[in-house]
Amino acid sequence: MSQRVVPRGANRSDRRVTTLVFDLDDTLLDWSAPTVSWPDVQQERARHLVHYLAELGVAAPPARALGEALSAKIQEVWDEARIDWTAARLDDALARALAVYGIDAGSLDGEALLRAYRWEPIPGVVPFPDAHAVLDELQRRGFRLGLITNSFTPMWMRDIELAAHGLLDYFPVRLSSGDVGYIKPHPAIFRRALALLGASAAEAVYIGDRPAHDVAGANEVGMISVLMRPPHLDRELGDAVPDYTITSLSQLLPLADAWSAVEAG
C-alpha cells in the first residue's frame, strides 16, 4: 500500500475521520469477470420491454432492434453527460430508443417502464472477497458508511444488486448520479452525500477506482481520497493524485486504525 499526498499542503495523516463513502463498481463489486457481455444484457432487457409493450397493446420493434437502439442511446446519454457532468439517465435513454420506432415514452407509465427493464445483478459480477468482512469491521468501529455511484439508473435499481449481494444494509445513505442529477467528479453529488451523512468533508474519506471521477471529485470537495486499484485495473492518474492507493479493501483497515487513533487522541 502506498500513500500519496496531494500537493495542497494538507496533512492527511492526522485528520479525524468519522465517515467513509464508497464507490460501487470495481470498488465493492468486482467487474473483472462478467460472464455476459453488455450488448447481451441489453438484448435481454429489450425482450422484457417488448413483452411489456405488447401487454399494453403498443406495437414494438423486434427485441434485437430495440436492444441495439437502446445500447446506442445509453452510450449517447453518457457521452452528453461527460460534457458538463450532468447525469445520464436510463429513462432518457429508454425514451430516445423508443422514439426511434415512433413510440412516445411520455404516454407510458414511466415507473412501470423502468420496472419492465428488469434491472438485476450482472452474472459474474460479485463483491470483492473481503468486502463483507471489511464493512463489518468498519461498522464495528463506528464509522458512518455511505455510497455514491455514477449510475444512469435510479438508486432503487442498484439496490436490487446490493440486496442480492448482501451489501444493502451497510449503507444508510446511497446516491445514484441518475437521481442527483450530476455525475462524479461534480462536487454536488459528494456534498449531497456528506449532508445526508451529517459529516463535513474534512472528516470524510472517499474510496473509488476512477482517478478522474472518484479521486478528482473527492479532492475538490476536501475529502481524503483513496484510489482502489484492484489487479485487473490500471487506470491513468492524469492530474488526479490520491491521498492513498490500495489494491484490496482489506488495506483500508490499517488506515482506519490510524484514523481511529487520531480520534481517540
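Values in this document were obtained by computation on a predicted structure and should not be read as measured data.
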Student check: side-chain heavy atoms of Arg45 and Tyr117 closer than 4.5 Å
yes
Note: Met157 and Trp119 closest approach over all heavy atoms is O-CD1, 3.1 Å
Please evaluate residues Glu203 and Ser200 with respect to the criterion side-chain hydrogen bond (donor to acceptor under 3.5 Å, both in side chains), reporting the C-alpha separation (whole Å), side-chain torsions for both, the decisive distance (0.1 Å), and the verdict.
CA-CA 6 Å; Glu203 62 182 316; Ser200 68; 3.3 Å; yes
Nearest heavy-atom pair of Tyr101 and Ala69: which atoms, and what distance?
CE1-CB, 4.0 Å
For the backbone of Ser250 and the side chain of Asp130, can you confirm whether one donor and one acceptor N or O come within less than 3.5 Å of each other?
yes
Does Ser225 offer a backbone N or O that forms a donor-acceptor pair with the side chain of Asp243 under 3.5 Å?
yes
Heavy atoms, side chains only, cut-off 4.5 Å: are Glu80 and Glu76 in contact?
yes
Report the C-alpha distance between Tyr244 and Val205 in whole Å, list the side-chain angles of each, state the deciding distance to 0.1 Å, and finish with yes or no for side chain to side chain contact (heavy atoms under 4.5 Å, CB included).
CA-CA 10 Å; Tyr244 301 92; Val205 174; over 6 Å; no
Under a 3.5 Å distance rule, please check whether Asp40 uses its side chain to pair with a backbone N or O of Val36 as donor and acceptor.
no
Atom CG of Asp214 and atom CD1 of Ile207: how far apart are they, to the nearest 0.5 Å?
10.0 Å
Any salt bridge linking Arg140 with Asp136? Criterion: basic side-chain nitrogen under 4.0 Å from a carboxylate oxygen.
no
Donor-acceptor pair, distance only, cut-off 3.5 Å: does the side chain of Ser177 make one with the backbone of Ser151?
yes
Does a sphere of radius 6.0 Å around CD in Glu236 hold more than 12 heavy atoms from other residues, nucleotides or ligands, not counting ones at 6.0 Å or beyond?
no
Nearest heavy-atom contact between Leu114 and Trp156 is CB-CZ2, 4.0 Å
Indicate the ring-plane relationship of Phe171 and Phe22, choosing parallel, tilted or perpendicular according to the 30° and 60° boundaries.
perpendicular
Group every Ile, Leu, Val, Met, Phe, Trp and Tyr by side-chain heavy-atom contacts under 4.5 Å, then state whether Leu237 and Leu233 land in the same group.
no
Check: Pro127 main-chain N/O paired with Asp30 side-chain donor or acceptor under 3.5 Å
no
Does the side chain to side chain contact (heavy atoms under 4.5 Å, CB included) test come out yes or no for Thr245 and Met228, once each step is laid out?
CA-CA 6 Å; Thr245 299; Met228 174 66 164; over 6 Å; no
When you look at His186 and Asp84, which way does the side-chain hydrogen bond (donor to acceptor under 3.5 Å, both in side chains) test go after all the steps?
CA-CA 9 Å; His186 197 286; Asp84 59 3; over 6 Å; no
Would you say that more than 12 heavy atoms from the other residues, nucleotides or ligands in this model lie under 6.0 Å from the CG of Asp169, or not?
no
Verify whether one side chain among Gln75 and Ser71 offers a donor that lies under 3.5 Å from an acceptor in the other.
no
Leu70 and Gln42: which non-hydrogen atoms are nearest, and at how many Å?
CD2-OE1, 3.3 Å
Side chains of Val226 and Val215: closer than 4.5 Å at any heavy-atom pair?
no
Can you find a pair of side-chain heavy atoms, one from Met155 and one from Leu175, that are under 4.5 Å apart?
no
Any link between Ile122 and Leu49 through a network of hydrophobic side chains (Ile, Leu, Val, Met, Phe, Trp, Tyr) touching at under 4.5 Å?
yes
Have Glu55 and His51 got a donor and an acceptor in their side chains that come within less than 3.5 Å?
yes
N/O donor-acceptor pair under 3.5 Å between Tyr170 side chain and Gln139 backbone
no
Over all atoms of both residues, closest heavy-atom pair of His165 and Pro121
NE2-CB, 4.1 Å
Arg118, CZ: over 12 other non-hydrogen atoms inside 6.0 angstrom
no
Quickly, which of Leu24, Leu145, Asp159 forms a side chain to side chain contact (heavy atoms under 4.5 Å, CB included) with Arg174? Name it, please.
Asp159
Kindly check if the number of other-residue, nucleotide or ligand heavy atoms within 6.0 Å of OH (Tyr182) is above 12?
no
Can you check whether Leu138 reaches Leu253 side chain to side chain, under 4.5 Å on heavy atoms?
yes
Are Val126 and Trp38 connected into the same hydrophobic cluster when the rule is that any two of I, L, V, M, F, W, Y join if their side-chain heavy atoms are below 4.5 Å apart?
no
Heavy-atom donor-acceptor pair, Thr149 side chain to Asp23 backbone, under 3.5 Å:
no
Take a 6.0 Å sphere around CZ of Arg192 and say whether it holds more than 12 heavy atoms from other residues, nucleotides or ligands.
no
Side chain to side chain contact (heavy atoms under 4.5 Å, CB included) evaluation trace for Phe143 with Thr19
CA-CA 5 Å; Phe143 289 102; Thr19 304; over 6 Å; no
Could you measure the distance from the NE2 atom of His132 to the CG atom of Leu28? Nearest 0.5 Å is fine.
9.5 Å
Apply side chain to side chain contact (heavy atoms under 4.5 Å, CB included) to Val173 and Leu147, showing your working.
CA-CA 6 Å; Val173 171; Leu147 184 146; over 6 Å; no
Is Arg141 paired with Asp257 through a side-chain N to carboxylate O contact shorter than 4.0 Å?
yes
Under 3.5 Å donor-acceptor, Thr35 side chain and Pro123 backbone
yes
Atom of Ala88, atom of Ala81 and distance for their closest heavy-atom approach:
N-CB, 3.6 Å
Is the backbone of Leu197 close enough, under 3.5 Å, to the side chain of Arg144 for a donor and an acceptor to pair up by distance?
yes
If you count the non-hydrogen atoms of other residues, nucleotides and ligands that lie under 6.0 Å from CG in Asp239, is the total more than 12?
no
Taking the side chain as C-beta and beyond, is there a heavy-atom pair between Leu98 and Leu53 under 4.5 Å?
yes
So do Val17 and Ser260 actually touch side chain to side chain, heavy atoms under 4.5 Å?
no
If you group Ile, Leu, Val, Met, Phe, Trp and Tyr by side-chain heavy-atom gaps below 4.5 Å, do Val100 and Val77 land in one group?
no
With rounding to the nearest 0.5 Å, note down the distance linking OG1 in Thr153 to CZ in Arg89.
10.5 Å
Modelled atom types, side-chain donor and acceptor of Asp25 and Trp31, under 3.5 Å
yes
So do the side chains of Leu227 and Pro211 get within less than 4.5 Å of each other, counting heavy atoms only?
yes
Would you compute the distance between atom CG of Leu162 and atom CG of Leu168 and round it to the nearest 0.5 angstrom?
5.5 Å
Side-chain donor or acceptor of Asn150 paired with backbone N/O of Ile183 under 3.5 Å
no
Examine Arg15 relative to Trp259 and say whether NZ or CZ is less than 6.0 Å from the centre of the six-membered ring and inside a 45° cone about the ring axis.
no
